[in-house]
Number of protein chains: 2
Amino acid sequence: MNIQFSKSTDYALHALLHLAHSKLHQNIGIKELSAALGVSESYLSKIMSKLRQDGIVRAVPGVNGGYELARPAEQITFLEVIQVIEGRQQLFECSNLSSQQHRLLAEDGAGESQRKSECLVKRVMDGAEQHLYQYLREHTIQSVLDEVFKQSNHAVNKK
Amino acid sequence: MNIQFSKSTDYALHALLHLAHSKLHQNIGIKELSAALGVSESYLSKIMSKLRQDGIVRAVPGVNGGYELARPAEQITFLEVIQVIEGRQQLFECSNLSSQQHRLLAEDGAGESQRKSECLVKRVMDGAEQHLYQYLREHTIQSVLDEVFKQSNHAVNKK
DNA sequence: TATATAGTGGATATTATAGGTCTATAATAA
DNA sequence: TTATTATAGACCTATAATATCCACTATATA
């Protein structure tokens with residue numbers, strides 16, 4: 001049961017949403033964030049550090065310090081956040097020996113080509129990955145906020 | 001670093017490819033399979049068992065026994081195989097408390113709606129999941145085999 | 001400048017799961 | 001019956017997610 005985003009990604013996205021939503025007051029401390037998300041301060045700190053190292057948020061130490069978005073919410077995509085937290089390894093890696101199987105398969109067909117000896121299973125999986133990534137690139141922190149706004153308006157109009 | 005298909009999925013897909021490719025001789029034993037993939041017999045057995053329990057392959061014990069596809073290769077999708085091996089849990093689960101954050105966000109906007117109290121991060125993620133699944137449904141064991149054939153032809157024509 | 005405040009980084013603990021081995025058992029063909 | 005082959009389950013190990021704690025550094029302001 002490998003294929004699931006970690007809780008850290010959950011926390012990161014919700015924390016960013018919180019920062020984006022309340023950009024009125026410049027800095028949001030870890031206390032406020034951890035209270036809003038229901039996570040310990042120490043653990044959330046780690047996650048925020050990663051986001052800072054990747055230039056997604058800015059951190060200010062000292063009295064009245066805290067975090068704020070380093071960029072406009074429109075420019076922070078789901079994909080980026082996920083890759084910072086989960087790492088950038090690919091969705092699928094082919095075991096070496098298995099890819100040998102494909103070389104044999106190809107030779108069996110009519111030989112010659114396939115000099116890249118690329119695994120065909122991997123090729124499908126890479127396509128899936130690109131599909132997924134494209135979708136995650138199109139969704140940003142801001143687009144979620146817009147969604148909230150749309151829903152609210154909808155409710156008002158129905159009244 | 002959570003988001004990666006397991007080796008088991010790799011093995012399962014390659015094993016199925018092997019079965020589909022050499023359907024001339026009815027049964028392929030675990031020995032041949034494990035040799036082709038470079039995995040131990042005992043470990044691959046477990047994977048094959050799962051595939052059998054889900055009706056993807058048939059198994060015959062005893063002398064000259066082995067495995068064969070239970071259905072035509074066109075009807076075995078990547079998605080199905082992945083779900084058998086990886087499980088059917090969702091790509092993303094929202095921590096309870098975080099979803100509370102969204103209720104607040106929504107109320108803040110204009111209240112009322114959002115009675116589903118559904119997490120908006122999760123909604124994006126579910127969309128991503130559906131996107132991914134659609135792609136994986138469109139690719140089958142047979143479609144990979146076809147790809148091999150196409151490549152071979154291409155090489156011949158170029159000659 | 002002193003000090004309380006707030007983020008950073010390292011060490012550590014816990015638990016779950018992937019990945020893998022081995023053995024006893026059941027089914028089947030010769 | 002015997003050799004062969006799949007099945008089920010117990011078992012092991014290494015790694016990663018999740019989480020906590022503490023010492024350290026940076027900064028705003030009294």
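Chain naming here is simple, since letters A, B, ... match the order of the sequence lines and numbering starts at 1 in each.
Rounded to an integer number of Å, the gap from B:Q26 CD to D:dA6 P is 15 Å. Nucleotide D:dT15 holds its P atom 16 Å from the CD atom of A:Q89, rounded to whole Å. Atom CG of A:L19 is separated from atom C1' of C:dG7 by 14 Å (rounded to the nearest Å). At whole-Å resolution of the value, CD in A:E41 and C1' in C:dT8 are 14 Å apart. Between the C1' atom of D:dG9 and the NZ atom of B:K50 lies a distance of 14 Å, rounded to the nearest Å. Atom C1' of nucleotide D:dT20 and atom CG of A:L44 are separated by 14 Å, given to the nearest angstrom. The nearest whole Å value for the distance from the OH atom in B:Y43 to the P atom in D:dG9 is 17 Å. As a whole-Å value, the separation of B:E86 CD from C:dA16 C1' is 16 Å.
For A:S40 and D:dT20, the shortest distance from a side-chain N or O to OP1 or OP2 is below 4.0 Å. Taking side-chain N and O atoms only, B:Y11 has a distance below 4.0 Å to OP1 or OP2 of C:dG20. Residue A:S8 places at least one side-chain N or O closer than 4.0 Å to OP1 or OP2 of D:dT18. Contact between the side-chain N/O atoms of A:R52 and the OP1/OP2 oxygens of C:dT8 is found at a separation under 4.0 Å. Between D:dT18 and A:S6, a contact under 4.0 Å exists linking OP1 or OP2 to a side-chain N or O.
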Worksheet item: How would nucleotides 21-30 of chain D be written as a contact map, 5' to 3', with B for base contact, S for sugar-phosphate-only contact and - for no contact, using protein heavy atoms under 4.0 Å?
Response: B----BBBS-
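B:L120 and A:L145 fall within a single hydrophobic cluster, where Ile, Leu, Val, Met, Phe, Trp and Tyr are joined by side-chain heavy atoms under 4.5 Å apart, directly or via other members.
Qualifying side chain to side chain contact (heavy atoms under 4.5 Å, CB included) partners for A:R58, counting only residues two or more places apart in sequence or in other chains: A:E68, A:A70. Applying the side-chain hydrogen bond (donor to acceptor under 3.5 Å, both in side chains) criterion to B:T9, with sequence neighbours excluded, gives B:E86. Scored by the side-chain hydrogen bond (donor to acceptor under 3.5 Å, both in side chains) test, A:Y43 finds A:S8 as partners (sequence neighbours excluded). Under the salt bridge (Lys or Arg N to Asp or Glu O under 4.0 Å) criterion, A:E93 pairs with no residue, sequence neighbours left out. Annotation: ring pair (Phe, Tyr, Trp, His ring centres under 6.0 Å) contacts of B:Y135 (sequence neighbours excluded): A:H131, B:H139.
Under the 3.5 Å distance criterion, the side-chain polar atoms of A:K122 are matched with a main-chain donor or acceptor of A:F92.
Across all strands, A:Q53 comes closer than 4.0 Å only to sugar-phosphate atoms, never to a base (heavy-atom distances).
Checking C:dG7, D:dT7, C:dT21 against every side-chain atom of B:Y67, the shortest atom distance belongs to D:dT7.
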